[in-house]
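Notes for the one structure printed next.
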Number of protein chains: 2
Amino acid sequence: MTSTPGRRVTLADVARAAGVSTSTASVVFSGKVNVAEATRRRVLAAAASLGYAGPDPRAASLRLGRSGIVGVVISGELRHAFLDPVTTAMMDGLTDALASVSTGILLLRDDPRGDEMPPITEAPVDAVVLIGWSGRTPSALEIVRRRGLPVVMIEGDAGEGIPRVTLDNREASAAISRHVSRLGHVDVATVTLPLDADRRRGAVTAERVAAATVEVTLDRLAGFREVYPDAPGVTASASLVDEGMIAARALLTEADGGVRADRPTAIVAQSDLLAVGVIRAAEECGLRVPEDLTVVGFDGIAADGLGSLRLTTVVQPAVAKGRAAGEQITRMLAGGPGESVHFTCTFREGETAAAPPHRAG
Amino acid sequence: MTSTPGRRVTLADVARAAGVSTSTASVVFSGKVNVAEATRRRVLAAAASLGYAGPDPRAASLRLGRSGIVGVVISGELRHAFLDPVTTAMMDGLTDALASVSTGILLLRDDPRGDEMPPITEAPVDAVVLIGWSGRTPSALEIVRRRGLPVVMIEGDAGEGIPRVTLDNREASAAISRHVSRLGHVDVATVTLPLDADRRRGAVTAERVAAATVEVTLDRLAGFREVYPDAPGVTASASLVDEGMIAARALLTEADGGVRADRPTAIVAQSDLLAVGVIRAAEECGLRVPEDLTVVGFDGIAADGLGSLRLTTVVQPAVAKGRAAGEQITRMLAGGPGESVHFTCTFREGETAAAPPHRAG
DNA sequence: TTGTAAGCGTTATCAT
DNA sequence: ATGATAACGCTTACAA
């Protein structure tokens with residue numbers, strides 16, 4: 001219980017005070033070798049009286065060659081990412097699967113902070129998980145590759161030999177679109193996730209699609225287009241309820257706020273949060289869901305505040321995705337090979353899809 | 001561009017290949033000393049051809065005595081914490097203020113994982129930010145103290161000489177309660193945040209309050225009780241819309257679902273998310289807000305999906321709180337003293353509070 | 001401008 | 001069961 005001396009207390013100090021060698025003191029803390037009970041107690045007593053807090057993790061990490069930290073690079077702003085229940089669920093699975101090899105998750109910035117070296121260059125991480133895709137993903141990957149760090153990519157293509165955790169975005173999207181089609185809908189529109197790092201809102205045009213970089217968005221769009229090749233779409237700037245509302249208003253209303261005559265009878269949203277926004281916007285302008293408008297989503301995550309709304313959607317195993325990523329990292333850290341893991345969504349019938357209303361024609 | 005040799009490439013290897021000393025090679029990377037342009041290029045070329053990824057952060061951190069990592073301990077489950085816009089906003093301010101001294105934020109687990117040593121013991125962090133309070137906070141603090149790490153506590157009492165970032169929870173809560181009182185409300189109830197680590201729902205009883213540990217909850221409750229000393233309350237298990245709905249149903253409805261005759265005319269919620277849930281529950285049972293029921297919140301954060309709802313609430317400067325914590329950490333890392341910082345909420349009039357309805361009576 | 005050398009605090013190997 | 005010793009890969013006085 002001594003107070004701060006000039007210098008930091010080290011293992012050597014403790015050993016000296018206890019009258020043992022540093023190696024003996026070391027094993028007392030690591031517990032990896034048998035130590036006589038008496039010695040053990042003497043060392044612990046010395047440590048306590050000197051206020052030694054245990055081996056310095058920085059020194060240990062140099063010696064051991066690992067820091068017990070796994071870096072997570074999330075594309076886009078952290079605040080956006082964490083407000084998305086899908087991301088949160090994934091992080092849950094990830095931290096869980098990583099618990100045995102890691103003391104924690106290091107959130108790495110991915111913002112365009114000028115010319116500085118990206119944080120991954122200087123962060124003492126044992127492995128890296130990349131989530132999503134941004135313009136800086138390739139350079140991040142290159143750094144990680146050179147540092148020889150195990151890396152797993154969730155929802156994104158990292159190229160050659162990088163284990164991925166993927167979802168059948170296209171198939172699932174096609175499946176739910178077919179469901180809408182079978183109900184009889186012809187005039188259908190889609191609300192997509194961001195197309196690129198710009199996250200600019202607006203109509204989904206051929207040019208924008210050609211320049212798009214976010215694979216998830218493109219895959220889900222492709223699945224939708226399998227069923228509705230020429231259907232219009234609006235892209236949102238984030239997976240948020242409010243964004244869904246904005247997009248839906250663009251699809252449903254005239255400039256004066258009235259409902260358009262040529263409005264779609266169904267809207268396929270690329271996320272549940274967007275779908276909830278679409279529903280709110282629909283209700284706002286007097287359309288009932290699903291009687292007047294069918295709305296389907298994607299993700300199947302129970303977001304807070306949705307109340308009793310049972311959305312027709314496809315459910316993705318978000319926690320399992322995170323867990324799979326963590327498991328692959330764990331394997332690679334143990335020297336094994338990393339494998340890609342593919343997940344499948346399951347359709348879930350809710351109460352927001354029905355046959356289209358009869359129209360005067 | 002050489003492929004994996006048996007051993008990791010070190011600075012010494014690069015120096016040897018470039019025909020310079022390791023110290024010279026070192027400064028080429030750190031850029032802290034002038035190096036002849038020719039030498040510089042030679043070293044860089046050697047590094048590139050050997051596939052050297054730059055100085056190993058683990059070794060650097062031992063030598064420098066800092067890792068560039070700041071640990072964040074959030075009480076409770078991460079997934080809960082991150083779904084709260086207040087936390088997210090705080091994290092934003094924190095990462096922002098920390099950008100100059102830190103490559104990232106290390107999310108430390110705080111779960112009751114049996115007997116193991118808590119992660120802070122083994123994590124190579126330069127400083128720690130504690131958010132909220134849990135039963136393990138004291139032991140976390142003790143470890144941090146022994147390791148001599150700078151620490152700042154947000155919303156919680158760390159005791160002696162630990163800089164805190166605080167909010168005028170009690171005063172703000174009293175202020176908004178007075179607002180409700182001035183409108184003429186007499187039968188008022190409150191919905192509180194969790195009282196303790198258990199997060200058990202239920203009525204706010206004297207016993208539960210006496211055993212409560214969450215300071216924020218107690219402070220806001222105290223402020224409310226300044227104005228309504230004997231008003232009933234219900235405690236929620238988290239700051240979520242759905243929890244607000246559950247709590248409100250307990251306050252407003254009979255067992256059979258009908259509205260209670262003795263229902264309150266106003267509900268003071270301890271967070272905006274809870275308030276939104278209260279409003280949803282009220283609408284569910286046919287009560288109009290604010291005509292039939294006044295609902296006020298706390299936080300003033302623009303959460304997604306609230307649409308155009310203008311809640312009457314008190315606004316807390318969440319981003320500024322995070323930033324302040326980051327700034328104190330930065331100062332302490334620079335050797336300066338850390339200071340406590342106190343923030344004040346501001347009342348914001350919305351559209352969810354009005355005079356109580358006239359009653360038969 | 002570049003090189004020499006001394007650690008940073010730990011852990012693992014190998015004797016004893 | 002314990003101890004001497006050699007790394008781990010880097011940075012920075014200080015010397016040349």
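Convention: sequence-line order gives letters A, B, ...; per-chain numbering from 1.
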**Request:** Pick out which of Thr22(B), Asn34(B), Val33(B) makes a side chain to side chain contact (heavy atoms under 4.5 Å, CB included) with Val27(B).
**Result:** Val33(B)

**Fill in**
Against the side chain of Thr24(B), the closest entry in dG3(C), dT2(D), dT10(C) is dG3(C)

**Distance, rounded to the nearest Å, where Leu11(B) contributes CG and dG7(C) contributes P** = 20 Å

**Item:** Length of the CZ-P vector between Arg66(A) and dG9(D), whole Å
**Value:** 14 Å

**Prompt:** For DNA chain D, whose closest nucleotide is more 5', that of Thr22(A) or that of Val33(A)?
**Reply:** Val33(A)

**Message:** By nearest heavy atom, map Arg42(B) and Pro57(A) onto DNA chain C; which one lands nearer the 5' end?
**Reply:** Arg42(B)

**Message:** Can you tell me which nucleotide in dG9(D), dA1(D), dT5(D) comes closest to the side chain of Ser23(A)?
**Reply:** dT5(D)

**Message:** If I take atom CZ in residue Phe29(B) and atom C1' in nucleotide dT11(D), what distance separates them, rounded to the nearest angstrom?
**Reply:** 14 Å

**Among dT10(C), dC10(D), dT2(D), the nucleotide that comes nearest once only the side chain of Val35(A) is considered** = dT2(D)

**Asked** Separation of Lys32(B) atom NZ from dT12(D) atom P, in whole Å?
**Response** 5 Å

**Asked** Just one of Val151(A), Val129(A), Val128(A), Leu94(A) clears the side chain to side chain contact (heavy atoms under 4.5 Å, CB included) bar with Ile329(A), so which one?
**Response** Val129(A)

**Message:** So Val20(B), base contact, sugar-phosphate only, or nothing? Heavy-atom distance under 4.0 Å.
**Reply:** sugar-phosphate

**Request:** State whether Tyr52(A) places a side-chain N or O below 4.0 Å from either non-bridging phosphate oxygen (OP1 or OP2) of dG9(C).
**Result:** no

**Asked** Hey, does the side chain of Thr39(A) come within less than 4.0 Å of dT2(D)'s phosphate (OP1/OP2), counting only N and O?
**Response** yes

**Parallel, tilted or perpendicular: ring planes of Phe29(B) versus Tyr52(B), cut at 30 and 60 degrees** = perpendicular

**Spacing between Leu62(A) atom CG and dA6(D) atom P, to the nearest angstrom** = 17 Å

**Asked** At under 4.0 Å, does any side-chain N or O of Ser26(B) touch on OP1 or OP2 of dT11(D)?
**Response** yes

**Message:** Could you tell me how far apart Arg41(A) (CZ) and dA1(D) (P) are, to the nearest whole angstrom?
**Reply:** 15 Å

**Request:** Go through the steps for Arg323(B) and Glu327(B) under the test salt bridge (charged side-chain N to carboxylate O under 4.0 Å, His left out), then give the verdict.
**Result:** CA-CA 6 Å; Arg323(B) 191 187 310 280; Glu327(B) 280 162 2; 5.1 Å; no

**Request:** Nearest whole angstrom, please: distance from the P of dG9(C) to the CZ of Arg16(A).
**Result:** 12 Å

**Request:** Considering just the side-chain nitrogens and oxygens of Ser21(B), establish if one lies under 4.0 Å of OP1 or OP2 belonging to dG3(C).
**Result:** yes

**Request:** Using the closest heavy atom to pick a nucleotide of DNA chain C for each, name whichever of Thr10(A) or Arg40(B) lands nearer the 5' end.
**Result:** Arg40(B)

**Message:** Would you say that Lys321(A) contacts Glu155(A) through its side chain, given a criterion of any heavy-atom pair below 4.5 Å between the two side chains?
**Reply:** yes

**Asked** Where the side chain of Ala60(B) is defined as all heavy atoms beyond and including C-beta, which of dT10(C), dC10(D), dA1(D) is the nearest nucleotide?
**Response** dC10(D)

**Prompt:** Could you give the CZ-to-P distance, from Arg58(B) to dG9(D), as a whole number of Å?
**Reply:** 9 Å

